[in-house]
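Structure first, then comments.
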Protein chains: 2
Amino acid sequence: MPQKVTDRRIQRTRQLLQDSLVALILEKGYESITVQDIIDRANVGRSTFYAHFQDKEDLFLSGFENLQSQFEQHLLGQSPSEINPWTLSLVMFQHAQEYQRVYKALVGERGGHTMLSHLQRYMSAHIGEHLKSHLPVRRKEQIPLEILTLYIYSTLTSLLTWWLDHDMPYPAEQINDMFRQLTQPTVESILQQA
Amino acid sequence: MPQKVTDRRIQRTRQLLQDSLVALILEKGYESITVQDIIDRANVGRSTFYAHFQDKEDLFLSGFENLQSQFEQHLLGQSPSEINPWTLSLVMFQHAQEYQRVYKALVGERGGHTMLSHLQRYMSAHIGEHLKSHLPVRRKEQIPLEILTLYIYSTLTSLLTWWLDHDMPYPAEQINDMFRQLTQPTVESILQQA
DNA sequence: GAGAAATCGAACATAGTGTTCAGAAACGTA
DNA sequence: TACGTTTCTGAACACTATGTTCGATTTCTC
């Protein structure tokens, strides 16, 4: 049973802190930021910071979780006819295009590597799901599913961070097409091994 | 003009510190290690540590550089008939197999991500070199060379760290074969676009 | 054993973390 | 407007880790 306005106040403080962190990451990189930097930028008292978040990493992750649930909303709104790794990736690149700043801070090179393991769990689940459903019943187990999933995931994230760190020199559709050209032939050839 | 024996003493201390760091990384991960942990383990005085290395990261990198120059020795010793990304990768997997502990500590998941950018510069140079020499004079610039290089590099490193973190469930030749199966079709199809 | 080089470790200054708490400010209600 | 509640403030504090300094000590060389 949420209170009406005090909640809004809390929300505003959290947002302020998250925004400050994003700005600071883009300026000087995650590692070198101190809690003092963050609260100075946000004009928030020290104890307030610790009332909301355990530490810097907690703040970072809360922003990341925001982004993730927002992405899920976005995904539902788009609802591509079929969900496979390449429609999923397209939605992701488009979403990143729309929220450049936040993406670049949280997922890009300067953002530390904190979020990689979280993103990995999330995306790998989707990718693995798709692969499993397309798997021939009996295939030569030359390349295990786990590795194939890892392969797709690592290609996707390396493209994403490259794209963000180079300030998106291509539109989302084009970088996604590169992703498809890079991975689809391999995936199909492997899935079709009977 | 290096001195004879005192040099050996210095070398011993450096080695001790590097070994301690490796052991500690495998135990508790790079991030949570303090300088105190390292010198306690190595039985080395605090000021001695700082006489040899600037900080924890410097020590880490010195170990990484050791490994790298050792790898180059190894590469010369093997001298595959042709150096392409897949012979290079084989030598690398074999080298990693031989020096499991160090590789796992410095390149694996627990090793922080410090070395990724260094490894990237090194491997990408080799990979890009090979690709450039096999490039058709005029090709459709759908996928720039930089991205193709990144693709190969990221697949290689994600396989390598996965392999290390899972305690090498396959021999080097087999994991390298997976690497080839994953990347070769894509690379060839793209290089042959006239 | 004398001299040089390397190591030791205690002491220190500095910087960042996370907690506490009394007072101030903002808000909701009536 | 006045009241109580919630949230925010910021100074003070204890704590942990960093990196430096320097005189004492060990180790090696000849």
Side-chain angles (χ1 to χ4, degrees), chain A residues 1-25 27-64 66 105 110-114, chain B residues 1-25 27-64 66 105 110-114:
Chain A
M1 199 176 301
Q3 290 134 323
K4 276 182 287 192
V5 183
T6 45
D7 257 19
R8 230 182 280 143
R9 188 140 70 107
I10 292 179
Q11 220 19 67
R12 190 184 146 279
T13 303
R14 292 178 62 97
Q15 192 63 48
L16 249 136
L17 288 168
Q18 289 179 352
D19 290 349
S20 302
L21 181 59
V22 166
L24 284 165
I25 289 175
E27 280 171 27
K28 50 190 273 192
Y30 179 78
E31 301 295 346
S32 67
I33 297 170
T34 69
V35 172
Q36 199 62 47
D37 292 335
I38 300 169
I39 63 181
D40 285 351
R41 170 73 55 116
N43 269 311
V44 155
R46 186 168 192 73
S47 54
T48 307
F49 176 93
Y50 285 105
H52 287 289
F53 302 101
Q54 290 216 331
D55 49 28
K56 192 175 69 159
E57 173 148 342
D58 191 26
L59 171 60
F60 183 94
L61 286 181
S62 82
F64 184 71
N66 269 7
R110 301 187 76 80
H113 301 266
T114 314
Chain B
M1 199 175 304
Q3 292 133 321
K4 277 182 287 189
V5 183
T6 46
D7 257 19
R8 230 182 279 143
R9 188 141 68 108
I10 292 181
Q11 222 18 69
R12 191 184 147 278
T13 304
R14 292 178 62 96
Q15 192 63 50
L16 240 110
L17 288 168
Q18 290 179 351
D19 290 349
S20 302
L21 181 59
V22 166
L24 284 164
I25 289 176
E27 279 172 28
K28 50 190 274 191
Y30 179 78
E31 301 295 346
S32 66
I33 297 171
T34 70
V35 173
Q36 199 61 47
D37 292 335
I38 300 168
I39 63 181
D40 285 352
R41 170 74 56 117
N43 269 311
V44 155
R46 187 168 192 74
S47 55
T48 306
F49 176 93
Y50 285 105
H52 286 290
F53 302 101
Q54 289 217 332
D55 49 28
K56 191 176 70 160
E57 173 146 343
D58 190 26
L59 171 60
F60 183 94
L61 286 180
S62 81
F64 184 71
N66 268 6
R110 301 186 76 81
H113 300 267
T114 313

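Order of the sequence lines fixes the chain letters, A, B, ..., with proteins taken first and strands second; residue numbering starts at 1 for each chain. Reckoned from all heavy atoms, side chains included, excluding hydrogens, waters and symmetry mates.
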In chain order, what residues pass the ring pair (Phe, Tyr, Trp, His ring centres under 6.0 Å) check against B/Phe53, with sequence neighbours excluded?
none

Can you tell me if B/His52 touches the phosphate of C/dT7, counting only side-chain N or O atoms and a distance under 4.0 Å to OP1 or OP2?
yes

How long is the span from the CZ atom in A/Arg110 to the CD1 atom in A/Ile25, to the nearest 0.5 Å?
10.0 Å

Just how far is it from atom CG of A/Leu17 to atom CG of A/Asn43, taken to the nearest 0.5 Å?
10.5 Å

Quick one: the side chain of B/Arg9 and the base of C/dT7, do they pair up donor-acceptor inside 3.5 Å?
no

Could you check how far CG of A/Asp40 sits from C1' of D/dG10, rounded to whole Å?
12 Å

Interatomic distance, A/Leu16 CG vs D/dT9 P [rounded to whole Å]
9 Å

Nucleotide C/dT17, atom P - distance to CG of A/Asp58 in whole Å
14 Å

Distance in angstrom units between B/Glu57 CD and D/dA17 P, rounded:
19 Å

Check the distance between C/dA15's P and A/Asp37's CG and give it to me in whole angstrom.
13 Å

Roughly how many Å is it from CZ in B/Arg12 to P in D/dT26, rounded to a whole number?
16 Å

Just the rounded figure in Å: distance from P of D/dA17 to CG of B/Leu24.
14 Å

Over 60° means perpendicular and under 30° means parallel, so tell me whether B/His113 and A/His113 are parallel, tilted or perpendicular.
parallel

What string of B, S and - do you get for nucleotides 18-24 of chain C, 5' to 3', when a contact is any protein heavy atom under 4.0 Å?
BBBB---

For the atom pair CD (A/Gln15) and CZ (A/Arg12), what is the distance rounded to the nearest 0.5 Å?
10.5 Å

Check every strand shown and say whether A/Asn43 touches a base, only sugar-phosphate, or nothing at a heavy-atom separation below 4.0 Å.
sugar-phosphate

Output the rounded distance in Å from CD (A/Gln36) to C1' (D/dT9).
13 Å

Enumerate the residue pairs fulfilling side-chain hydrogen bond (donor to acceptor under 3.5 Å, both in side chains) with a member in residues 48-62 of chain A, sequence neighbours excluded, ordered by first and then second residue.
A/Gln18-A/Ser62

Side-chain (B/Asp37) to main-chain (B/Thr34) donor-acceptor, under 3.5 angstrom:
yes

